[in-house]
Amino acid sequence: MDDDDEASVATERELGLPMERLTLFLDRFIVSLSFLSLLTTAIARGGDPSQHPLPGVADAGDSILTRQLFEEKEPVITDEMAGGYMSNSELEEAMKEFSKRCANISRMYSIGKSVKGFPLWVMEISDKAGEEEPEPAFKFIGNVHGDEPVGRELLMLLANWLCDNYMKDPLATLIIKNIHLHILPTMNPDGFALRRRGNANNVDLNRNFPDKFFPMNDIMQTRQPETRAIMTWVKEGHFTASASLHGGALVANYPWDGSEWIRKQYNACPDDRTFRYMARVYSNSHYNMSLSKEFEGGITNGALWYPIYGGMQDWNYIHGGCFELTLEISDNKWPPANELPVLWEYNRKSMINLVASVVKTGIHGRVFSKDGHPLPASVMIKGINSMVNASSILGDYHRMLAPGAGKSYQVSVSLPGFQQKTTQILMQDSSASLDFILEPEDSSKIRRIPRILGCRCDGTDKLELVQYLRGIQLEIYIVVSICLFLFILFKRKWFLKLVNQRHIVTPKRSIV
Ligand SMILES: *[C@@H]1O[C@H](CO)[C@@H](O)[C@H](O)[C@H]1NC(C)=O
Ligand SMILES: [Zn+2]
């Protein structure tokens, strides 16, 4: 290489200007990328971005294809098989009847419409349905996949059971008095009517959410109306925990569903211990889920079973602070309707115990300013890299945690404009109560407070932007890496010279 000095110099002269531009361009890019990473780290909820290096780009299709094979094996649902299940309009009628019969403990509302315009009806069950209370909210979603209709039937039975047993059964009473339970029996009425997995556009709704690990479903316009409805609902709802009901297996599945490795491997989320506890509550209360030969204890980490991307479960945890399980409640996706009463008996205790677990465990409380305003502060536990937010209306927060008498947690509460507060709490066997009063930050930063108090402060818009930026970040990283590599490879010497020049140009700090 040394012999080629002259040629090199000539080339350098020729390319001098563009190269300089390129360097400047790259510098700016790298600076802005570092900034983006900081932003991401600061705002993203759940998961530590630094623990997740950039995923490989190839092979992403493989396991996604594997999942689609499930679809191809699906049997055709005959009219005879569909007999005994409620049609969409019969379900709607049953819900209306329920809210008339149980008006004292419920209300009915719609969160949007399916592609074909069918309302996505929800029943809220609570002694103060529709009112704000400093209580946790739980949601159940059935029939995400059109050809998995058991959930929608069981959810209707659950609502009626709670209504019938209010003030008679201690758990029914506890749920109605202390929790706001929201039930969406069918998320995919069009798919149900068509007796197939996808919605009316044949999109699998449980692959249609923005993904944590790969930039997908990030464009609002291509999102299905059913998915959009759920996303808005979650962002406004302040849910503590939830579960969606599926069929085709018997197991309680918990996050992460996805992984950057694209192969089957346990991918623990920051709240792994709590999620395993919640999944256990379901499987242990079930008739025989915990006896599974395929899944130890009848529970599984999603990515270990088989990774999926764009799922609803991970999205809820990351963007809603909502601890969601995916429950597979019958090996047969579409069993004969005469099996429904038995399936209800198998799942009844599980469903009730899971809902009740949001008040029986965890840390609950409210956050106020010194002058008594509720604050939408963020609550974090030392050693667990995830966050739940207090509600902006009442300042109440509900932090799910696996129970453990004698276990001690360090709880930090923070909100821009206020001093962070940290305290240690020793857990008993049940849930704990912990309120906070935050002091304003020193006066130099105080001017930020009014703006922050004026907004809803859930960081929703920021999250969307960051997510979008994270999406393009991967592509930018790859392009920049390739450019840098080629640049250094071809212009090594020129590069070194440039670096030396910089050393000279950079003003030295005085060391007087
Ligand atoms: C649970 O019980 C059902 C109905 O008896 C049976 O079909 C299924 O194989 C059982 N599953 C396990 C894991 O024991
Ligand atoms: Zn399903």
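What you are looking at is a predicted structure, and each value in this text was computed from that prediction instead of being measured. We count ligands from 1, going down the list as the structure has it; atoms in each ligand are counted the same way. What's counted below: heavy atoms across the whole structure, side chains too, no hydrogens, waters or symmetry copies.
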If we check side chain to side chain donor-acceptor pair (under 3.5 Å) with R197, which of these qualifies: N206, D147, D204? D204

Specify the closest pair of heavy atoms between K235 and W315, including all atoms of both residues, with the distance to one decimal. CE-CZ2, 3.8 Å

Heavy-atom contacts with Y287 under 4.0 Å: which atoms of ligand 1 show up? List them by number with element. 2 (O)

With respect to the Zn ion (ligand 2), what is the nearest N, O or S atom of H145? ND1

Strictly by modelled atom types, are H246 and E328 linked by a side-chain donor-acceptor pair under 3.5 Å? no

Among N, O or S atoms, H246 approaches the Zn ion (ligand 2) most closely through ND1

For atom 11 (N) of ligand 1, what's the nearest protein heavy atom and its distance? N288 ND2, 3.0 Å

Check ligand 1 against S292 and write out every atom of the ligand that is under 4.0 Å from a heavy-atom position of the residue. 13 (C)

Does D257 pair with K212 as a salt bridge, N-O distance under 4.0 Å? no

N/O/S atom of E148 under 2.8 Å from the Zn ion (ligand 2), yes or no? yes

For atom 4 (C) of ligand 1, the protein heavy atom that lies nearest, with its residue and separation: Y346 OH, 3.8 Å

Can a donor-acceptor pair be found between the side chains of N88 and R152 at a distance below 3.5 Å? yes

Sub-4.0 Å protein heavy atom near atom 7 (O) of ligand 1: no

Per atom 9 (O) of ligand 1, closest listed option by heavy atom (D331, L250, L291): D331

Using 30° and 60° as the class boundaries, would you call the ring planes of W334 and F192 parallel, tilted or perpendicular? parallel

Using a cut-off of 6.0 Å, state whether more than 12 heavy atoms not belonging to E90 lie near its atom CD. yes

